[in-house]
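Data first, discussion second: the structure below is written as structure tokens.
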2 protein chains.
Amino acid sequence: MAGRKVNTMEELAEVSGISRPTLSKYFNDPDSVRESTRAKIKIALAKYDYRPNIFAINQNRKLTKTIGIVVPYSADPFFAEIVRMIERRCIDAGFWPLVFSSHGQQELENNALATLQSLRPAGALIAPLGRNSDFESVQSFTQEVPTIVFDSNVNVGEAFVGSDNFQSIGLMVNYLCRTGEPPCFFEMEPVNPNANKRRDAYVKTMQSLGHEPMILQVARSGWDFESIGLIEGNRLIKEGKLPSQTVLCSNDRLAVGLIAAAYQNGIKVGYGEGRTLRIAGHDDHPQSQFTCPPLTTVAQDYSSIAEHSVELLFGMINGDSKPADRPDVLFEGKLIMRESA
Amino acid sequence: MAGRKVNTMEELAEVSGISRPTLSKYFNDPDSVRESTRAKIKIALAKYDYRPNIFAINQNRKLTKTIGIVVPYSADPFFAEIVRMIERRCIDAGFWPLVFSSHGQQELENNALATLQSLRPAGALIAPLGRNSDFESVQSFTQEVPTIVFDSNVNVGEAFVGSDNFQSIGLMVNYLCRTGEPPCFFEMEPVNPNANKRRDAYVKTMQSLGHEPMILQVARSGWDFESIGLIEGNRLIKEGKLPSQTVLCSNDRLAVGLIAAAYQNGIKVGYGEGRTLRIAGHDDHPQSQFTCPPLTTVAQDYSSIAEHSVELLFGMINGDSKPADRPDVLFEGKLIMRESA
DNA sequence: CACAAAACTTTACCCCTGTAAAATTTGTTT
DNA sequence: AAACAAATTTTACAGGGGTAAAGTTTTGTG
């Protein structure tokens, strides 16, 4: 760290004896310069610890190294987990992931999209709010930025990657019917297309098995799923309104709340003798293995969803593959048998 | 949206009849131009929907409108929640929060810090990894960027904002001792200074109450706290190694795992007759109210921590108040009595 | 050793906005 | 209406680096 401070590439050129354009090449791709040159640059770099100015770089480049990630709720375990995986892959590929959370609010989603857009990202991976999304904003964003939509399939972007809710819900309904009383379906007002698909899948599967569908939709919205599960679960239990002693919840967080409600009413949850209420979820959130009893659920294929989303996006960015005709890439869920059902 | 596309301020000047420097003034502060001028600009803006190029702006401005937020683990409920609050406040103040998660890894923390630094943020709010932090990296970052440290007090930055672990742990130990058997303390290898402070606080409080401290430190590290709680809890229970039937866990996530372990071993957790094991946590994570039984814990003052951190930072940014001598701002925890202890 | 290809240097211009200084216009005050 | 202050326009340069074109040096091959 001797000598003067080096703040610009110009200055680095002076102290390193390498021309600025060559340095520029080096920073864009170190392998594009001769090895001897690279060595010299590295020595200078070690000595003066210079870093190119991001803003100056991005001002001139058509495409930046930024990848935007927008999720409806970063505190939701599903998104927390999938964001983690996506970030990792972006970093490994030399990109800069920037994560934005809409916290369930349309205003914030628009805000995030606008901020992101002015950052001129190379691409974006977004999980829209769904029903609460401002469709036009999202669409206008996707027209400017190569975008992969994941989790919640609103009809924008170049491709969709998510779970096959028909398969996964079908799997669970089948399992529940084979092992006991056919399930009722517990859901809130749908916040996104997944919720609707899951309900439809439940109905269809029940019918195909010759059972009457029983849907419990509680009139609450928002992202406090556990709380809704607890409060409404409490009410349903107290009022004796559960149409079946087997309950399939629209997602794990709702199930967590319902399990808590059952506990608080002295009802034993689980599969096996002495247990009177079976509760199943959907998603296999990271903490679903720690509920009491551990939650039987369907695991979304987190890593496939993350991997495939990122791969598709990189393909588009490199231009070597444009997904034809906005494909829907769906991954199957896996039945996770634990003790709750 | 008629006519040509307007991509630069120059072009907007042409179509609006306002000079570029005046437009520049307008975008920096709309109130700094005459009302009639503002009106004209707004009309042009509505018609052409232009947005200034962020990179060009930031290249010349000494201070940007970006605020960096770095947390060790964005999927952790505590950080998810506090980040949400901090983001909200930044947005309301006209700043752009950018969130980075280190995912528990030093390499990623350094990475995030470096990325952030090259973004020339107006300021940063960071919760360092703690023990895993590369102290020099963090320190060199804080020398360039006005930084408030929160949650995990490593000795860098302009101020620290967090919880008073001595108070909060003292509170809980007192409560537990008054209502039953004195607690043992369940922890992992400390990941940050908080963990150490909590253990020390436990020891001191126990001693001051005339009890012998009983510490259970399990030799595991990482951020899968629930999993550690479950696995090690299972082991301790099976081997009969719990020195007390009251366990104070270093944090809620560990408690969640321990509750699951107890459940799986058929042990009834809670306060009251028929319950044989009391478990308490610390932090009051959002989901701690949904455990079975609901978790007795100490609530960190999330909103005060978020608010105060942000206020301090804005004060520094505006230059109207420099925190003297790196103050530690500590907030008290509140006892949350639920059923687990 | 010759020669072409690859890598490098020099030179020059571009990106889009901030901002200072001087000249001009607009609006307000007496 | 004159006088003055405030706002705006014009002009000009700065910021840090991308990138093209032309010329020079290095490298690798025959």
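Computed over heavy atoms, backbone and side chain alike; hydrogens, waters and symmetry mates excluded.
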Exercise. Scan residues 16-30 of chain B for pairs that pass salt bridge (charged side-chain N to carboxylate O under 4.0 Å, His left out), counting only residues two or more places apart or in two chains.
Key: B:Glu10-B:Arg20
Quiz item: Separation of A:Lys25 atom NZ from D:dG18 atom P, in whole Å?
Solution: 13 Å
Quiz item: Considering only heavy atoms, which members of residues 27-43 of chain B lie under 4.0 Å from some atom of DNA chain C?
Solution: B:Asn28, B:Arg34
N/O donor-acceptor pairs under 3.5 Å from side chains in residues 140-148 of chain B, not counting sequence neighbours:
{"from": "B:Ser140", "atom 1": "OG", "to": "B:Ser137", "atom 2": "O", "distance (Å)": "3.3"}
{"from": "B:Thr142", "atom 1": "OG1", "to": "B:Gln139", "atom 2": "O", "distance (Å)": "2.7"}
{"from": "B:Thr147", "atom 1": "OG1", "to": "B:Val145", "atom 2": "O", "distance (Å)": "2.7"}

Self-check item: Consecutive-pair stems (3 or more, Watson-Crick or G-U, under 3.5 Å) for DNA chain C
Solution: C:1-30 with D:1-30
Quiz item: With sequence neighbours excluded, what pairs up with A:Asp151 under the side chain to side chain donor-acceptor pair (under 3.5 Å) test?
Solution: A:Asn194
Quiz item: B:Gln59 CD to D:dA14 C1': how many Å, rounded?
Solution: 9 Å
Practice problem: For B:Arg38, check salt bridge (Lys or Arg N to Asp or Glu O under 4.0 Å) against everything at least two apart and list the hits. | Solution: B:Asp31
Quiz item: Which sits closer to the 5' end of DNA chain C, B:Ile54 or A:Pro21, going by the nucleotide each is nearest to?
Solution: A:Pro21
Quiz prompt | Residues in salt bridge (Lys or Arg N to Asp or Glu O under 4.0 Å) contact with B:Arg120, at least two apart in sequence or another chain | solution = none
Exercise. Specify the separation, in whole Å, of atom CD1 of B:Ile57 and atom C1' of D:dG15.
Key: 14 Å
Quiz item: Ring centres of A:His308 and A:Phe150 under 6.0 Å apart?
Solution: no
Quiz prompt | With sequence neighbours excluded, residues passing salt bridge (Lys or Arg N to Asp or Glu O under 4.0 Å) with B:Asp328 | solution = B:Arg326
Exercise. Assess whether one donor atom and one acceptor atom, taken from the side chain of A:Asn53 and the base of D:dG17, lie less than 3.5 Å apart.
Key: no
Quiz item: What is the distance from CG of B:Asn60 to P of D:dC13, rounded to the nearest Å?
Solution: 16 Å
Less than 3.5 Å apart, which donor and acceptor atoms pair up between the side chains of residues 69-77 of chain B and the rest of the protein, not counting sequence neighbours?
{"from": "B:Asp76", "atom 1": "OD1", "to": "B:Phe78", "atom 2": "N", "distance (Å)": "2.8"}
{"from": "B:Asp76", "atom 1": "OD2", "to": "B:Arg253", "atom 2": "NH1", "distance (Å)": "2.7"}

Quiz item: Residues in side chain to side chain donor-acceptor pair (under 3.5 Å) with B:Asn28, at least two apart?
Solution: B:Arg61
Self-check item: Pair of N/O donor and acceptor under 3.5 Å linking D:dG18 base with A:Arg20 side chain
Solution: yes
Quiz item: Would you say a side-chain N or O of B:Ser19 is under 4.0 Å from OP1 or OP2 of D:dT9?
Solution: yes
Quiz item: Whole Å only: how far is the CE atom of B:Met9 from the P atom of D:dT10?
Solution: 16 Å
Practice problem: Please step through ring pair (Phe, Tyr, Trp, His ring centres under 6.0 Å) for the pair A:Tyr302 and A:Phe331, ending with a clear verdict. | Solution: CA-CA 9 Å; A:Tyr302 289 76; A:Phe331 290 97; over 10 Å; no
Quiz item: Hey, does A:Thr22 reach any base, or is it just sugar-phosphate, or nothing, if we go heavy atoms under 4.0 Å?
Solution: base
Quiz item: Base, sugar-phosphate alone, or nothing: which one does B:Ser24 contact when heavy atoms must sit under 4.0 Å apart?
Solution: base
Quiz prompt | Start and end of chain A contact along DNA chain C [non-hydrogen atoms, under 4.0 Å] | solution = C:dA7 to C:dC16
Quiz item: Which salt bridge (charged side-chain N to carboxylate O under 4.0 Å, His left out) pairs, counting each pair once, include a residue from residues 82-100 of chain B, with sequence neighbours left out?
Solution: A:Glu107-B:Arg88, B:Glu81-B:Arg84, B:Arg88-B:Asp92, B:Arg89-B:Glu307
Self-check item: B:Tyr26 OH - D:dA7 P separation (whole Å)
Solution: 17 Å
Quiz item: Contact class for B:Leu23 vs. all strands (heavy atom < 4.0 Å): base, sugar-phosphate, or nothing?
Solution: nothing
Quiz item: Under the 3.5 angstrom rule, does the side chain of A:Thr37 hit a backbone N or O of A:Val33 as a donor-acceptor pair?
Solution: no
